[in-house]
Protein chains: 2
Amino acid sequence: MIDQYDNERCDSNCPHADAVERVLHHMPPEDELLDLAELFKVFGDTTRMKILYVLFASELCVCDIAEILGMSQSAVSHQLRIIKQAKLIKNRRDGKTVYYSLADDHVKTIIGMAKEHLEE
Amino acid sequence: MIDQYDNERCDSNCPHADAVERVLHHMPPEDELLDLAELFKVFGDTTRMKILYVLFASELCVCDIAEILGMSQSAVSHQLRIIKQAKLIKNRRDGKTVYYSLADDHVKTIIGMAKEHLEE
DNA sequence: CTTTCATATGAGCATCTGTTCATATGTCCA
DNA sequence: TGGACATATGAACAGATGCTCATATGAAAG
């Protein structure tokens, strides 16, 4: 990238100009990185992590989740919307009740990998 | 949990008291969930995601990373500290220069899983 | 020892984020 | 149709977060 930070960088003969060149030409497109960070952001909140975890066990309605987490219905609903936008959960309506469940197995897999990292 | 939100919950004869009970007794300890969310938070920022990505390719020093990302040395250094605290990267010092690299393969695995999810 | 360079860090600030509160939407039942 | 209930949503506010700027630390060279 261009020289906005020249004054802060190591000398122009940066010892690793070759490495820099190589990496620069193998970076994935910007929006792929944005999407990745956006997805991880969903996992990066305790409330949302708890919600995903309780859905490991079974499909649940909003008020069930609120009761389990000891949180307001509103707070839970707001977070469910964020998780759903990331396509990590799906829902179905049965009368007045809306049931949420995990969208697929990726959630468990991703969390499982993270757990492995923590266990070391 | 206890009845701080009684007024907001569905009726006391919540239709899924059994499911609530079951889930409540199979929740992992609070701090495990906190740690998980904390770890994902590290992945949940574009700058940090970029840093991890450039380290996929090779070990790099701080000023290299700053140049690749077009960011200030300070900003990069602050983020490196956060990533290091999560034990996702390690560093070694060679004279004045500090080289950063991925700590292990979990980073790649976790990001790979997330990418799979996005590709659907 | 002093200078120079690479990196680290603390304070301050602007932005983002998660919760609450009030209220809207949607469904069932009388 | 009106009331009760489950859920969704917008506004507002408090706390968290990422950057910048200034400066500190640590290491090599003279």
Side-chain angles (χ1 to χ4, degrees), chain A residues 4-17 19-20 34 37-38 40-51 59-67 69-86 89-100, chain B residues 4-17 19-20 34 37-38 40-51 59-67 69-86 89-100:
Chain A
Q4 187 180 2
Y5 292 100
D6 254 356
N7 48 335
E8 303 200 24
R9 287 211 307 265
C10 50
D11 274 23
S12 54
N13 56 348
C14 181
H16 318 103
V20 170
L34 288 178
E38 210 59 37
F40 282 117
K41 223 171 270 182
V42 177
F43 290 93
D45 171 80
T46 312
T47 296
R48 290 192 291 268
M49 182 57 65
K50 285 180 184 170
I51 291 178
E59 171 185 80
L60 290 170
C61 71
V62 177
C63 80
D64 288 344
I65 299 173
E67 176 158 349
L69 302 192
M71 294 182 61
S72 74
Q73 174 269 319
S74 177
V76 170
S77 187
H78 276 298
Q79 297 305 335
L80 284 169
R81 189 167 53 80
I82 293 172
I83 305 175
K84 185 158 188 291
Q85 281 172 348
I89 56 176
K90 59 191 176 192
N91 58 11
R92 67 178 179 90
R93 181 177 272 275
D94 180 14
K96 286 174 286 191
T97 310
V98 177
Y99 294 92
Y100 283 86
Chain B
Q4 187 180 1
Y5 293 100
D6 254 356
N7 48 337
E8 305 200 21
R9 287 210 307 265
C10 49
D11 274 26
S12 53
N13 55 349
C14 181
H16 320 101
V20 170
L34 287 179
E38 211 59 38
F40 282 117
K41 221 171 274 183
V42 177
F43 290 94
D45 171 80
T46 311
T47 297
R48 289 191 293 269
M49 182 58 64
K50 285 180 185 172
I51 292 177
E59 173 184 79
L60 290 169
C61 72
V62 178
C63 79
D64 287 343
I65 299 174
E67 175 160 349
L69 302 193
M71 293 182 61
S72 73
Q73 175 270 321
S74 176
V76 169
S77 187
H78 276 297
Q79 297 306 335
L80 284 169
R81 189 168 51 83
I82 294 173
I83 305 175
K84 184 157 189 292
Q85 279 171 350
I89 56 177
K90 60 191 176 193
N91 58 10
R92 68 181 177 88
R93 180 179 272 275
D94 179 15
K96 286 173 283 191
T97 309
V98 177
Y99 293 93
Y100 283 86

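Proteins come first, then strands; the chains are lettered A, B, ... in the order of their sequence lines, and each starts at number 1. The model shown is predicted, which means the values in this text are computed figures rather than measured ones.
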With a cut-off of less than 4.0 Å, is there a side-chain N or O of Tyr100(A) near OP1 or OP2 of dA6(D)? no
Looking at Lys84(B), I'd like to know if its NZ atom is crowded, meaning that more than 12 non-hydrogen atoms belonging to other residues, nucleotides or ligands lie closer than 6.0 Å. no
Which is true for Ser77(B) with a 4.0 Å heavy-atom rule: it touches a base, it touches only sugar-phosphate, or it touches nothing? base
Out of dA8(C), dA8(D), dC19(D), whichever nucleotide has its closest atom nearest the side chain of Gln73(A): dA8(D)
Check whether any side-chain nitrogen or oxygen of Arg81(A) sits under 4.0 Å from OP1 or OP2 of dT7(D), and answer yes or no. no
Side-chain N,O (Thr97(A)) to OP1/OP2 (dA6(D)) below 4.0 Å: no
Quick one: side chain to side chain contact (heavy atoms under 4.5 Å, CB included) partners of Val98(B), sequence neighbours excluded? Asn91(B), Arg93(B), Tyr100(B)
Is the shortest side-chain N/O distance from Lys41(B) to OP1 or OP2 of dA16(D) below 4.0 Å? no
Answer with base, sugar-phosphate or nothing: what part of the nucleic acid does Tyr99(B) contact at a heavy-atom distance below 4.0 Å? nothing
Answer with base, sugar-phosphate or nothing: what part of the nucleic acid does Lys84(B) contact at a heavy-atom distance below 4.0 Å? nothing
Selection from dA22(C), dT7(D), dT20(D) that lies nearest to any side-chain heavy atom of Val62(A): dT7(D)
Grab the CZ-C1' distance between Arg92(A) and dG26(C) for me, whole Å please. 17 Å
Polar atom pairs between nucleotides 25-30 of chain D and protein, under 3.5 Å, N or O only, would you list them?
none

Axis-to-axis angle across the helix from dC1(C)-dG30(D) to dA30(C)-dT1(D), five pairs an end, to 10 degrees? 20°
Between Leu69(A) (CG) and dT20(C) (P), how many Å, whole number? 12 Å
At less than 4.0 Å, is any side-chain N or O atom of Gln79(A) found next to OP1 or OP2 of dT19(C)? Yes or no. yes
Report the residue (His78(B) or Val98(B)) whose heavy-atom-nearest nucleotide on DNA chain C is the more 5′ of the two. Val98(B)
